[in-house]
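Here is the structure we will look at, set down as structure tokens.
Worth saying up front: this structure is predicted, and the values here are computed from it rather than measured. Position 1 is the first residue of the sequence; numbering continues from there.
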Amino acid sequence: MTTLPTHRTCRFPPQPVREVSITHVRQTSCGGPFAIVTMDFEPLPDDEVSPVVLDWPVRDRPEVREQRRAWPEDKEWVDLLERALEQGVRNALDALGPDIRPAVRCIVTDFRWHPVDSGERGFVEAGEMAVREARRRCER
């Protein structure tokens with residue numbers, strides 16, 4: 001009787017990955033993308049099953065609150081950029097593969113946009129890039 005090899009499912013990230021900084025800026029003409037983010041990736045406790053939890057302490061920083069006050073008409077737009085970053089993180093976590101189980105708390109510590117050059121696509125891509133960089137650091 002032959003037994004099939006069992007695949008061991010590992011969790012991502014296996015240990016905290018701090019200061020994952022992504023500068024996704026392409027300035028060839030107006031329209032960007034312009035997305036600058038810094039995130040920490042922390043493993044969730046073993047008993048938690050949520051695939052991803054995003055925390056936004058950056059929203060409480062005085063300079064970010066001031067930027068939001070300076071552009072109050074853009075609140076919905078900035079909310080869209082935040083959701084785009086979250087979607088990019090989720091996209092990349094879903095693409096990790098069947099043997100990797102994401103159980104991660106993502107902490108957004110820096111989030112910068114430009115009123116002309118930032119857009120949804122740039123922040124989706126920045127979120128995907130952040131997960132790939134965190135994974136690369138875990139494989140060292």
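Of the possible polar contacts, none joining the S118 side chain to the A35 backbone as a donor-acceptor pair under 3.5 Å is found. In this structure a side-chain-to-backbone donor-acceptor pair under 3.5 Å is missing from R137 to R132. Between the side chain of R11 and the backbone N or O of L44 there is at least one donor-acceptor pair closer than 3.5 Å.
I107 and F12 are members of different hydrophobic clusters when ILVMFWY side chains are connected at heavy-atom separations under 4.5 Å. Linking Ile, Leu, Val, Met, Phe, Trp and Tyr whenever their side-chain heavy atoms come within less than 4.5 Å leaves L54 and V124 in two separate clusters.
Inspection of the W113 and E82 side chains reveals no N or O donor paired with an N or O acceptor under 3.5 Å. A donor atom on one side chain and an acceptor atom on the other are not found under 3.5 Å apart for T109 and T38.
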Quick one, D55 with V108, criterion side chain to side chain contact (heavy atoms under 4.5 Å, CB included). Give me CA distance, side-chain angles, the key distance, then yes/no.
CA-CA 6 Å; D55 288 336; V108 182; over 6 Å; no
Worked verdict on E120 versus R83 for salt bridge (Lys or Arg N to Asp or Glu O under 4.0 Å):
CA-CA 8 Å; E120 185 177 4; R83 286 192 304 274; over 6 Å; no
Could you go through the side chain to side chain contact (heavy atoms under 4.5 Å, CB included) check for V37 and L85 one step at a time?
CA-CA 9 Å; V37 297; L85 178 67; 4.0 Å; yes
Decide side chain to side chain contact (heavy atoms under 4.5 Å, CB included) for D110 and R112; before the verdict, give the C-alpha distance in whole Å, the side-chain angles of both, and the deciding distance to 0.1 Å.
CA-CA 7 Å; D110 194 13; R112 298 183 205 181; 3.0 Å; yes
Decide yes or no on side chain to side chain contact (heavy atoms under 4.5 Å, CB included) for E42 and V104, but give the supporting numbers first.
CA-CA 6 Å; E42 296 182 355; V104 60; 5.9 Å; no
What's the verdict on salt bridge (Lys or Arg N to Asp or Glu O under 4.0 Å) for E133 and R136, showing C-alpha distance, side-chain angles and the deciding distance?
CA-CA 5 Å; E133 173 62 13; R136 185 189 68 75; 2.6 Å; yes
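Among all heavy-atom pairs drawn from P13 and C138, the shortest one is CB-SG, 4.0 Å. Of all heavy-atom pairs between V20 and A130, the closest is CG1-O, 3.5 Å. When all heavy atoms are compared, the tightest approach of L96 to R135 is CD2-CD, 3.4 Å.
Taken from CZ in F34 to NE2 in H24, the straight-line distance is 11.5 Å, to the nearest 0.5 Å. Taken to the nearest 0.5 Å, the CD atom of E86 stands 11.5 Å off from the CG atom of L81. We find the CE-CZ distance between M39 and F41 to be 4.0 Å, quoted to the nearest 0.5 Å. Here the CZ atom belonging to R101 is positioned 12.5 Å from the CG atom belonging to L93, to the nearest 0.5 angstrom.
Using cut-offs of 30° and 60° for the angle between ring planes, the F111 and W56 rings count as perpendicular.
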